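Note that the coordinates shown come from a computational prediction; the quantities given were computed from them, not determined experimentally. Each chain gets a letter, A, B and so on, in the order the sequences are listed, and its residues count up from 1.
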Number of protein chains: 2
Amino acid sequence: MAGALKKDRATGAANAVTADLVAVLVAVTEGEPKIMTIANDGALPSGPFEFAHRSLQSGLRAWVEAQTGHPLGYVEQLYTFADRGRTGDAKSPHSISISYLGLTREDKVGQGFEAHWSGWYEYFPWEDRRAGLPASLAKTLASRLRAWAKSAETTGLQRQRWQRAAITFGLDDREWNEELVLQRYELLYEAGLIPEAVRDGAAATTVIPGKPMTGDHRRILATGIARLRAKIKYRPVVFELMPAEFTLLQLQRSVEALAGRLVHKQNFRRLIEQQQLVEETGAIATEAVGRPAKLFRFRHGVLAERAIAGTKLPLSRT
Amino acid sequence: MAGALKKDRATGAANAVTADLVAVLVAVTEGEPKIMTIANDGALPSGPFEFAHRSLQSGLRAWVEAQTGHPLGYVEQLYTFADRGRTGDAKSPHSISISYLGLTREDKVGQGFEAHWSGWYEYFPWEDRRAGLPASLAKTLASRLRAWAKSAETTGLQRQRWQRAAITFGLDDREWNEELVLQRYELLYEAGLIPEAVRDGAAATTVIPGKPMTGDHRRILATGIARLRAKIKYRPVVFELMPAEFTLLQLQRSVEALAGRLVHKQNFRRLIEQQQLVEETGAIATEAVGRPAKLFRFRHGVLAERAIAGTKLPLSRT
DNA sequence: TGGCTTATACTTATCCTGAGCATAATCGGA
DNA sequence: TCCGATTATGCTCAGGATAAGTATAAGCCA
């Protein structure tokens, strides 16, 4: 077995792979979450990890700036994929995709860049539950899922499929869980209800609304949305997406935009204030109907003061 | 700028990289967390991602089984690293490490495998706070950290360093946060207090207790411990580490072993029971001092029934 | 039997959360 | 000027979750 320990560290042609860096770059503008896209809105900014890059992150920064002209601020790694099956082609060498989530503010895309800010719900219409289930899906979604479940061979499998659909999509009086973005996408893919599945060989049927993307990009986007929806609950990352000064309602609208659902206004404010995440600037928001709101800014100090925990264990003091 | 969109997809030698798969394989035996190691306890199971591997996970499974004889059960991806700086050598092509966390139960390592189960606190003595700070560290740790902070050039930097140390290590009456495993390791590395830092070029000093590992492996292990400590709080993953039947105290001891701190017995039981994670087997534990305890088993049903949410947003019903 | 050990049931005070009511401040017409 | 629409902001209240501790049960062993 000692032989197994020896590893072929040389870049032998046999085990060489290419690594792609992919960015899910998010902004929120006027209550709508946006993502940076290239190639006619059908792809995320991305490019190969090259010898010249000092690190994965610096490689990603280089590609995003080259393709979009947008500098990268807050960044975190999402996931690393390498499924040859998904992209077809069983002959070519392995290609790995290392994906990242970036948070910024929308600004004008510079001259000469073929990049755009696109609303992320164009790609995932079923994820926006702020006004209930969108009309374009209300009729079809559940019935298509039921049809998929029914098409299984045994009744056991049928029940299993339906249970999975019901849990992920909040059917049969179950709670909607906004974090299951990836699970819902994977299910729709397996059910052959989205263009990517048909492209990859599923039986051609009428698909569910929602713009497709090249390769795995919509799956990567789903991963990014899921991560962000989970993270805003226990880390103050929303502020990366806000302007320097904002009203509490603007903050709330941003959170709602990301989560795809509405929050209770008064309780939201209590939460924000008790955590001391913001402080008043002293200024008052103009240009709005209704009573003018105070402007707040993020207290950057909290990041240094607290290492926010999030315990769920009944710890003992002794 | 259109040129920037074109990507060199061919496996040109220039952008070829090698990808290593690394496994943090965890078990808990009699209240001690263990990890699978090879190479005289100085390395994690790992090997290159090869052309023959169908996917990243299957490649990992192949390597772990070849090196340890142990089958891989529950697996999740941890992180992907590619810092050329860390491993020295600015000339060689990029090498990427894709790391995974695996959960199993300890069993005998088969004949002919140079693999061992090692206690994970041998690598991170400062992470075990079940009996307070270990005696081997009580005197040194805080003073070494203070010395490091003092050695900064400006008083501003000194304060910054000490604040960072105090937050991550729970000094100055701050709370100990067991999830900051990676941050603590990174800080010790930067402070030159562990062998890996000296190996990589830091000034040679007396280091803090704790076994080093090759390359980035102890950093990867820190990442795995941190992930697991966070995850046991909101997903029922502990059960992957438990035998089929167990007493509530054994379960508690396992959680404590992973978290590195003690929990309140009665409240722990209430938490487990109210979440309906377990059910009685009807049997009673023998071979123990004191009143015999009921045996429980994990209710696998919960995984299907619930998509455990973990909301921290004040959602609105309307 | 009494003492040691662990299991398990119950109590208490406090805090957090969801939900809703009430009032304040501004604007645009009637 | 007053009313209605709209948003901001303060406050209450009930129910549930949590931290901590008390009390009792059930084994073993000397």
If I take atom CG in residue B:Asn267 and atom C1' in nucleotide C:dC10, what distance separates them, rounded to the nearest angstrom? 12 Å
Expressed in angstrom and rounded to an integer, what is the separation of B:Lys233 atom NZ from D:dA17 atom C1'? 17 Å
Please report the distance, rounded to the nearest Å, between CZ in A:Phe268 and C1' in C:dT17. 15 Å
Establish, from distance only, whether the side-chain atoms of A:Thr29 and A:Glu106 form a donor-acceptor pair under 3.5 Å. yes
Evaluate the ring planes of B:Phe169 and B:Trp176, with Trp represented by its six-membered ring, and classify them as parallel (under 30°), tilted (30 to 60°) or perpendicular (over 60°). tilted
Nearest-angstrom distance from the residue atom CD1 of B:Ile284 to P of D:dA25: 17 Å
Starting at the 5' end of nucleotides 3-8 of chain D, put B wherever the base has a protein heavy atom under 4.0 Å, S where only the sugar-phosphate does, and a dash everywhere else. ---BBB
Rounding to a whole Å, what distance do you find between A:Arg270:CZ and D:dG10:P? 13 Å
Are side-chain N/O atoms of B:Trp162 and B:Asp172 paired as donor and acceptor at under 3.5 Å? yes
Separation of C:dA7 atom C1' from B:Glu273 atom CD, nearest Å, is 11 Å
With a 6.0 Å cut-off (strictly less than), is the heavy-atom count around CD of A:Gln274, excluding the residue itself, greater than 12? yes
Touch class at under 4.0 angstrom, heavy-atom based, for B:Gln266 against every strand present: base
Could you give the CD1-to-P distance, from B:Ile272 to C:dT8, as a whole number of Å? 14 Å
Output every pair passing ring pair (Phe, Tyr, Trp, His ring centres under 6.0 Å) with a member in residues 236-261 of chain A, not counting sequence neighbours, ordered by first then second residue. A:Phe239-A:Phe246, A:Phe239-A:Phe298
Between A:Glu76 and A:Tyr74, is there a side-chain donor-acceptor contact under 3.5 Å, judged purely by atom types and distance? yes
Send over the distance from A:His264 NE2 to C:dC21 P, rounded to a whole Å. 10 Å
